[in-house]
Structure formats: C-alpha cells, structure tokens
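A quick write-up on the structure given underneath.
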Amino acid sequence: MTNSTLIIFVKNPIPGRVKTRLAKDIGDEKAVWVYRKLLECTADVIRPLSFSKAVWYGDHINDCDLWDGLEKYQQPEGNLGYRMKFAFEQSFEQSKKVCIIGSDCPQLSTEILEEAFSSLDKHDFVIGPAIDGGYYLLGMSSFTPSIFESVEWSTSQVFEQTIARIKTLGASYHTLEELRDIDDMRDVDALGLIIP
C-alpha cells in the first residue's frame, strides 16, 4: 500500500468542451489555449512530488499526452460529487492519504500540495478554498463518502457546505490558503494572464 495518492481531474483540451464560461467571452479556440496552459501548469506543479499520482479524465483517456507515465482512469457518469467519491474510493484501496485537485488553478504550488498531505497526519480533512466559493483541493485521511452529500455542486456554496459537513461529522480539518481558479475573464484579468 502506498502512503499517499494525488488525484488530478482533467479534461482533454477539445474546443467547446473546456472552459465554456470563458469561451463565451474569448471563443472556443482561445479557451482551449488557456486550458492547455493550465494543464501544463498543473503538470509542472505535481512533477516534483513523490506521491502516487492518478489522472482521471472527464471525457476519454488519452494514451499520449502530458500525463504519460501516470496512472490513468476514466471518471464515471454522474455529478461532480459522485465522480470525486468514486475516485477517492478507488484510491483508498491502495493509499492511506488521498487528495484531489482539478486542473484550472495556476496559483497552486508544489509546496501547497506537500502541506496538504502533511496536514493529514494530524487532521481528518484538508481543504483549499477557492475565491469563487468552491475549493481547489480536498483531501482526507480515511475514506469518508458522506463528505460529498448535501453539497450544491458548481455553486458559490461548495466550500461553506463542505466545511459544515466536516463539522457535522465531528472531524478535524486544515484549511490551506485561498487561491483563484480560472473560470472566466475576471479570473484571467485578476491573474494577469495574457491571451494571444
């Protein structure tokens, strides 16, 4: 059994399938360009980590991409909570600590990920709040599927509702620093990303 696994949720960079809110402002091709940059950023951040890494695709597994050499899986059908729960359950079959991230947070760092995993030595959960009210990272030291219940996914209430769920469970948690995901032009502008 490995000690730690990092789950990375990704999509293939296909026009019309990624960064759809951003695409409304800049078009599908430029939105794909942004998403490719975010994937590259994520790959660079996770590369130095010694943890096991598992890439979970939202559409289809790509046999030749940035993630070659890592474990690759297909996300099941269902809402985000169900898909994350499924990935966590599978990862806990081989690991003692599991964290999940997406692929749209350019402020994420290797150091933050190391802090997340080390915090699970003392806490039941770790969570990284995003400025939009969601979270960019969730981790746990044992599989707790109920953490995904009673959450309104893709809303500004996700972080708050998840913390409430943790408190209901009587569990301990560590909060990471707040970061900004890229979902729309406001995020692009706030992070100073220059789109060609």
Side-chain angles (χ1 to χ4, degrees), residues 2-14 17-19 22 30-59 61-73 75 80 83-84 87-88 90-91 94-121 123 125-141 158-159 162 173-184 186-196:
T2 61
N3 190 47
S4 304
T5 293
L6 176 65
I7 298 166
I8 308 104
F9 266 25
V10 304
K11 295 179 180 178
N12 288 296
I14 300 168
R17 303 277 291 276
V18 297
K19 294 290 143 208
L22 182 59
K30 287 185 177 179
V32 167
W33 182 90
V34 170
Y35 188 60
R36 283 186 189 278
K37 290 296 177 189
L38 291 170
L39 290 173
E40 290 168 11
C41 237
T42 305
D44 288 343
V45 164
I46 71 165
R47 191 169 290 117
L49 297 170
S50 59
F51 315 126
S52 295
K53 299 153 196 158
V55 178
W56 287 74
Y57 291 81
D59 32 36
I61 294 174
N62 192 332
D63 292 326
C64 184
D65 63 6
L66 277 174
W67 313 108
D68 288 355
L70 303 184
E71 296 176 43
K72 295 182 176 185
Y73 300 98
Q75 294 176 33
L80 179 59
R83 289 182 279 128
M84 287 196 292
F88 267 97
Q90 182 155 323
S91 295
Q94 60 186 23
S95 296
K96 296 175 182 175
K97 297 186 288 186
V98 179
C99 290
I100 190 169
I101 59 171
S103 48
D104 55 3
C105 186
Q107 294 185 312
L108 187 63
S109 68
T110 306
E111 292 73 26
I112 290 172
L113 290 171
E114 288 171 338
E115 177 188 343
F117 277 101
S118 92
S119 74
L120 291 174
D121 292 330
H123 298 280
F125 294 94
V126 59
I127 189 164
I131 283 173
D132 64 4
Y135 54 74
Y136 61 87
L137 180 148
L138 179 71
M140 57 186 90
S141 57
V158 171
F159 174 76
T162 302
Y173 66 95
H174 174 67
T175 305
L176 302 168
E177 65 181 280
E178 186 178 66
L179 302 180
R180 183 183 288 275
D181 291 333
I182 288 188
D183 291 315
D184 55 32
R186 285 176 302 177
D187 301 319
V188 169
D189 293 339
L191 291 168
L193 180 64
I194 306 299
I195 302 173

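Basis for what follows: all heavy atoms, side chains included, without hydrogens, waters or symmetry-related copies.
The side-chain heavy atoms of Q90 and E71, taken from C-beta on, include no pair separated by under 4.5 Å. Using a 4.5 Å heavy-atom threshold, the side chains of L6 and F117 count as touching. Put simply, the side chain of S103 does not reach to within 4.5 Å of the side chain of L38, judged on heavy atoms. Two residues are said to be in side-chain contact when any heavy atoms from C-beta on lie closer than 4.5 Å; I112 and Y136 meet this criterion. Between E177 and Q107 the shortest side-chain heavy-atom distance does not fall below 4.5 Å. For the pair L80 and V158, the minimum side-chain heavy-atom distance is 4.5 Å or more. Side-chain contact between L191 and P106 is present, with heavy atoms from C-beta onward closer than 4.5 Å. I101 is listed as a side-chain neighbour of L113, based on a closest heavy-atom distance under 4.5 Å.
None of W56, Y57, F9, W67 except one satisfies the ring-ring contact (aromatic ring centres under 6.0 Å, His included) rule with Y73; the exception is W56. For the side-chain contact (heavy atoms from CB on, under 4.5 Å) criterion with V34, the lone passing option out of L39, D104, I182, V18 is I182.
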Steps toward salt bridge (charged side-chain N to carboxylate O under 4.0 Å, His left out) verdict (K19, D184):
CA-CA 8 Å; K19 294 290 143 208; D184 55 32; over 6 Å; no
When you look at L70 and I46, which way does the side-chain contact (heavy atoms from CB on, under 4.5 Å) test go after all the steps?
CA-CA 11 Å; L70 303 184; I46 71 165; 4.0 Å; yes
Which is it for C99 and V126 under the side-chain contact (heavy atoms from CB on, under 4.5 Å) test, yes or no, and what are the steps along the way?
CA-CA 8 Å; C99 290; V126 59; 4.0 Å; yes
Before giving the answer on side-chain hydrogen bond (donor to acceptor under 3.5 Å, both in side chains), spell out for T5 and S91 the whole-Å C-alpha distance, their side-chain angles and the decisive distance to 0.1 Å.
CA-CA 7 Å; T5 293; S91 295; 5.2 Å; no
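Taken to the nearest 0.5 Å, the NZ atom of K37 stands 13.0 Å off from the CD1 atom of I194. With values rounded to the nearest 0.5 angstrom, Q75 atom CD is found 10.0 Å from I7 atom CD1. Taken from CG in D65 to CG in N12, the straight-line distance is 6.5 Å, to the nearest 0.5 Å. Rounded to the nearest 0.5 Å, atoms OG (S4) and CD (E114) are 11.0 Å apart. Atom CG of residue L120 and atom CD of residue E115 lie 10.5 Å apart, to the nearest 0.5 angstrom. Residue L138 holds its CG atom at 13.0 Å from OH of Y173, rounded to the nearest 0.5 Å.
Nearest heavy atoms, R186 versus R180: O-NH1, 4.4 Å. When all heavy atoms of F159 and T175 are compared, the closest pair comes out as CZ-CG2, 4.4 Å. Heavy atoms only, all atoms of each residue included: I100 and F88 are closest at CG2-CE1, 3.5 Å. Here the closest heavy-atom approach between residue S95 and residue V98 is recorded as CB-CG2, 4.1 Å. Closest heavy-atom contact between C64 and K72: N-NZ, 4.2 Å.
When atom types are taken as modelled, the side chain of T110 and the backbone of V45 share a donor-acceptor pair closer than 3.5 angstrom. The main-chain N or O of I195 is never found under 3.5 Å from a side-chain atom of K30 such that the two would form a donor-acceptor pair. Judged purely by atom type and a 3.5 angstrom limit, K11 has no side-chain atom pairing as donor or acceptor with the backbone of D59.
Atom CZ of R17 has 12 or fewer neighbouring heavy atoms from other residues, nucleotides or ligands inside a 6.0 Å radius.
Salt-bridge formation is detected for the pair D44/R47: a Lys NZ or Arg NE/NH1/NH2 atom is positioned less than 4.0 Å from an Asp or Glu carboxylate oxygen. The residues K97 and D121 are annotated as salt-bridged, a charged nitrogen and a carboxylate oxygen being separated by less than 4.0 angstrom.
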